[in-house]
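Below you'll find the structure, written out as C-alpha cells, and then a few comments.
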Amino acid sequence: MSTVTTPEISLTPERSTRISVRSRLQDALPKIVLAPSFVITLVFVYGFIIWTGYLSFTNSKTFPSYAITGARAYQRLWRWTFESDPPSSWYTSITNMGIFGFLYIGICLGLGLFLAILLDQKIRGEGLLRPIYLYPMALSFIVTGVAWKWFLDPGLGLEQTLHQWGWTSFHFDWIKNKDFVIYTVVIAGVWQASGFVMAMFLAGLRGIDGEIMKAAQIDGATTVQLYRRIIIPLLRPVFLSAFIVLAHMAIKSYDLVVALTSGGPGGSAWLPSNFMYEYTFKRNEMAVGSASAIIMLMTISAIIVPYLYSELREKSR
C-alpha cells in the first residue's frame, strides 16, 4: 500500500507580512468607508442637538448668546401652558398636537389594517390597488398640503364644485375656521400615510403561518374570532412599529401645516414644530424656540427609547 504525502506550504516572512497587511486592510475598509458619514452624523445631528440644548438655557434672541441664564425659557413655556389667559400659542400648539396625534395615529392604524385585510383576500386587481394606496406616500408633505388646500378651499374646491352642481346649501369651510382647521390637517395626513400603514400590515398578514389559521378554522373559529383572537394579536409587532413611525411623523410635522393652512387663522393650526420655527426665526426668541425643540426631542425619545429597549431585550433572549 502506498501513502500519499501532501507537501507542506511554508510562508516566507515577506509573504506572511503581506497577507497580514491585506487582512488588516480588509477588516479596516468598512470602518474607513463609514467613518465620514459617522463623523458628519455625530457633528451635524448630535452636535447640534447638544448646541440647541445649550441655547435653551441662555437668553438668546436674534443671535446666540452663550451666557447661561438658567431655565427661564422652560419656565416661560410652563407658564404659557398652565397660567396664560387667553390661551397662548404654545398652549394651542400642544393642544393641536394632542388632537392631531390621537386622530392621525388612530385613523391611520384602523384604516391601514382594514385595507390590508381587504387586500389579503386575494381580490382581483390587487397589483393595481396596492400602488394606488401607496402613491400618496411618495409625495412630499408640501405637495400633499397644496393639493388638499385647493380641494378644501371653499372658493375653488369641493364646496364651489358642489355649488356649481346645484347643491347650494352645502358648506365646508373647515380650512378657514379656527375651531376646525386642525381637522383638515388630520384629513391630509391620514390620506398620505394610511397606504404606508396598509403595506406594513399586509406584509405582516402575509407572514402569518397559514397552518395556524387552518387549524383554527377546523376547530370551528369564525372569521371574526380568527382575526380578533389569532391574527390581530400576532400583528402586535407591526402595530408597534407603525405606531412609532406615525408618532414620529406627527411630532415633527411642519411643512404639511404650512402648505395646507399657512398656520391657520391666527396660528390656530400650529403644532409645536411651527411654534419652534416661528419663535426661533421670526420672533427673535431663539432660547424659547430651542426649549420647545428640546421638549419635542424628549417627547420623541419617550416613545422611541422604550421601543428600542424592548426590541433589544427580545433579541438578547
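Predicted, not measured: the structure shown is a model, and the values here were computed from it. Numbers here simply count residues along the sequence, with the first being 1.
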Here the side-chain hydrogen bond (donor to acceptor under 3.5 Å, both in side chains) pairs for residues 186-212, sequence neighbours left out, are D120-R206, E126-R206, T144-Q192
Within one Ile-Leu-Val-Met-Phe-Trp-Tyr cluster: W270 and L103, side-chain cutoff 4.5 Å | no
How many angstroms lie between atom CD of Q164 and atom CD of Q160, to the nearest 0.5 angstrom?
-> 4.5 Å
All heavy atoms of G289 vs all of T280, minimum pair found to be CA-OG1, 3.2 Å
The reported gap from CG in L113 to SG in C108 (rounded to nearest 0.5 angstrom) is 12.5 Å
F102, CZ: over 12 other non-hydrogen atoms inside 6.0 angstrom = no
Closest non-hydrogen atom pair between G101 and A250, with its separation | CA-CB, 4.4 Å
Cluster question for you: counting only ILVMFWY and a side-chain heavy-atom cut-off of under 4.5 Å, with indirect links fine, are I187 and I142 together?
-> no
Has R72 got more than 12 heavy atoms of other residues, nucleotides or ligands less than 6.0 Å from its CZ?
-> no
For residues 146-153, which side-chain N or O atoms pair as donor and acceptor with protein atoms under 3.5 Å away, sequence neighbours left out?
from, atom 1, to, atom 2, distance (Å)
D153, OD1, G155, N, 2.8

Distance (rounded to the nearest 0.5 Å) between H163 NE2 and L158 CG | 9.0 Å
Give, for atom NE2 of H248 and atom OG of S253, the distance between the pair rounded to the nearest 0.5 Å.
-> 10.0 Å
More than 12 foreign heavy atoms under 6.0 Å from OH of Y74: is that the case here?
-> yes
Pick from Y254, W90, F281: which one makes a ring pair (Phe, Tyr, Trp, His ring centres under 6.0 Å) with F275?
-> W90
Check whether any side-chain heavy atom of Y66 sits under 4.5 Å from a side-chain heavy atom of P64, and report yes or no.
-> yes
Side-chain polar contacts of residues 198-205 - donor-acceptor pairs under 3.5 angstrom, sequence neighbours left out - could you list them?
none

Find out if a path of hydrophobic residues (ILVMFWY) with successive side-chain heavy-atom gaps under 4.5 Å connects F243 to I232.
-> yes
Nearest-0.5 Å distance that lies between atom OG in S88 and atom CZ in R76 | 10.5 Å
Apart from F82 itself, residues in the same hydrophobic cluster as defined by side-chain heavy atoms under 4.5 Å = W78
Closest non-hydrogen atom pair, S93 against P272 = O-CD, 3.5 Å
Consider only side-chain heavy atoms of I, L, V, M, F, W and Y, link residues closer than 4.5 Å, and tell whether L77 and Y54 are in one cluster.
-> yes
Close side-chain approach of F180 and I175, heavy atoms under 4.5 Å | no
Does the side chain of S89 reach to within under 4.5 Å of the side chain of Y279, using non-hydrogen atoms?
-> yes
Decide whether W167 and S169 meet the rule of one side-chain donor and one side-chain acceptor closer than 3.5 Å.
-> yes
Separation between CG (L240) and CD1 (I244), nearest 0.5 Å, reads 5.5 Å
For residues 35-44, which side-chain donor-acceptor pairs fall under 3.5 Å, sequence neighbours excluded?
from, atom 1, to, atom 2, distance (Å)
S37, OG, L34, O, 2.9
T41, OG1, S37, O, 2.8

For Y135, does the OH atom sit with more than 12 other heavy atoms under 6.0 Å from it, leaving out its own atoms?
-> no
Aromatic ring centroids of W80 and Y91 under 6.0 Å?
-> no
Among pairs that include at least one residue of residues 48-68, which meet salt bridge (charged side-chain N to carboxylate O under 4.0 Å, His left out), considering only residues two or more places apart or in two chains?
-> K61-E285
Would you find more than 12 non-hydrogen atoms of other residues, nucleotides or ligands less than 6.0 Å from Y227 atom OH?
-> yes
